[in-house]
Protein chains: 2
Amino acid sequence: MGYNVMSRTCPSRVVLHRIGARWTVFVLNALEHQPLRFVQIKTHIQGITPKVLTETLRTLERDGLIARTDFEENPPRVEYELTVLGRSLLEPLRAVRLWAEEHVPEIQAANAVAAMEPDRR
Amino acid sequence: MGYNVMSRTCPSRVVLHRIGARWTVFVLNALEHQPLRFVQIKTHIQGITPKVLTETLRTLERDGLIARTDFEENPPRVEYELTVLGRSLLEPLRAVRLWAEEHVPEIQAANAVAAMEPDRR
DNA sequence: TAACTCGGTATCCAAAGCATACCGTCACGG
DNA sequence: CCGTGACGGTATGCTTTGGATACCGAGTTA
């Protein structure tokens, strides 16, 4: 398959940029074990604002990674869940997340060292 | 290890956001096989602007993922290469990149479907 | 009828990213 | 000795994305 993320016009470039979008990883991870409602996702991912969460969810839905179900009840109930496609992305992303959680000390150490070095200009 | 990316204050959150930064994946991938010079990286990653590349390189250097060597020659020669830490991130990231390259058609199809649906409001 | 819940918008501001032009140093060719 | 070019970036100005906070509409409950 002739896709190559390094090419400026390659569609895989777009896809990779989308995955890298600030909150994608967090949302997909939040939905790993069960469908969740808007407020539940927002609570789970501490610090995300409703506007950004809405945008992220819409994008993921358009890309076919999550499905949105509006039960049209009242008070409103809307659930988001991973699609098969979205679930297939979980494993690669989990590896990255685990790497992040494992290597925090090394990165903090590197930052500490860099902070005491004279600025390069 | 008590790190959890979902916590607002957790350092792993910062690390994960940094990995997800727009160009990190591309730069690390570019350096996979050998050290490269600034212009080589810029050529390899089509479409990145020099300003953004500079910022990305500085951040990666601060985080200890790449090393910068200035040979102080003339014309200037500066090489960037992965550190051991940076190299350890390659494998998780490669999985994500491959996923992106593999699932382009599905995502394009999902977008095509979404484009013909009436707007939800 | 007033308060509450939920799933968002509206508004405004800050930060990140992009396009383009330009710079300083030195080597080299003429 | 002067112009040209390579390299590794900066400078500038703009657009896009992200963030904080307030608010809304519908229906249910008290």
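All heavy atoms count here, side chains included; hydrogens, waters and symmetry mates do not. Letters A, B, ... mirror the listed sequences (proteins, then strands); counts begin at 1. Every value quoted in this text rests on a predicted model; they were computed, and no experiment measured them.
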_Residue A/P76, side-chain atoms from C-beta onward, closest of C/dG7, D/dA20, C/dC18_ = C/dG7
*Does the B/R37 side chain pair with the main chain of B/V78, one donor and one acceptor, at a distance under 3.5 Å?*
no
*asked:* Side chain of A/R68 only, heavy atoms from C-beta on: which candidate in C/dT9, D/dC7, C/dG7 is closest?
replied: C/dG7
_Euclidean distance, atom CD of residue A/E55 to atom P of D/dG19 [Å, nearest integer]_ = 9 Å
*According to a strict under-4.0 Å criterion, is A/W23 in side-chain N/O contact with OP1 or OP2 of D/dT17?*
no
*Do any N or O atoms from the side chain of B/N4 and from the backbone of B/M6 form a donor-acceptor pair under 3.5 angstrom?*
yes
*Using the closest heavy atom to pick a nucleotide of DNA chain C for each, name whichever of A/R22 or A/L57 lands nearer the 5' end.*
A/L57
_Measure CD/A/E72 against C1'/C/dC6 and give the value in whole Å, please._
14 Å
_Of A/I48 and A/P75, the one whose closest DNA chain D nucleotide lies more 5'_ = A/I48
*Taking the side chain as every heavy atom from C-beta outward, state whether A/L98 and A/E101 have any pair of such atoms under 4.5 Å apart.*
yes
*B/R37 side chain N/O closer than 4.0 Å to the phosphate oxygens (OP1, OP2) of D/dG8?*
yes
_Whole angstroms only, please: what is the CG-C1' distance between B/D70 and D/dG9?_
11 Å
*Could you tell me the separation between the CG atom of A/N74 and the P atom of D/dT29, rounded to a whole number of Å?*
10 Å
*What nucleotide, of D/dG9, D/dG8, D/dA20, holds the atom closest to the side chain of A/T49?*
D/dA20
*Determine whether more than 12 heavy atoms belonging to other residues, nucleotides or ligands lie under 6.0 Å from atom CD of A/E32.*
yes
*To the nearest Å, how far apart are B/K42 NZ and D/dA6 C1'?*
13 Å
*Remember a base hit wins even if backbone is also touched, and classify B/Y80 as base, sugar-phosphate or nothing at under 4.0 Å, heavy atoms.*
sugar-phosphate
*asked:* Measure NZ/B/K51 against P/C/dA16 and give the value in whole Å, please.
replied: 10 Å
*A/H17 NE2 to C/dC18 P, straight-line distance once rounded to whole Å*: 7 Å
*Contact nearer the 5' end of DNA chain C, comparing A/E79 with B/G47*: A/E79
*Which whole-number value in Å describes the distance from B/E73 CD to D/dC7 P?*
12 Å
*Is there a side-chain contact between A/I41 and A/F26, using heavy atoms and a 4.5 Å cut-off?*
no
*May I ask you to verify if any side-chain N or O of B/R58 is less than 4.0 angstrom from the OP1 or OP2 atom of D/dT10?*
yes
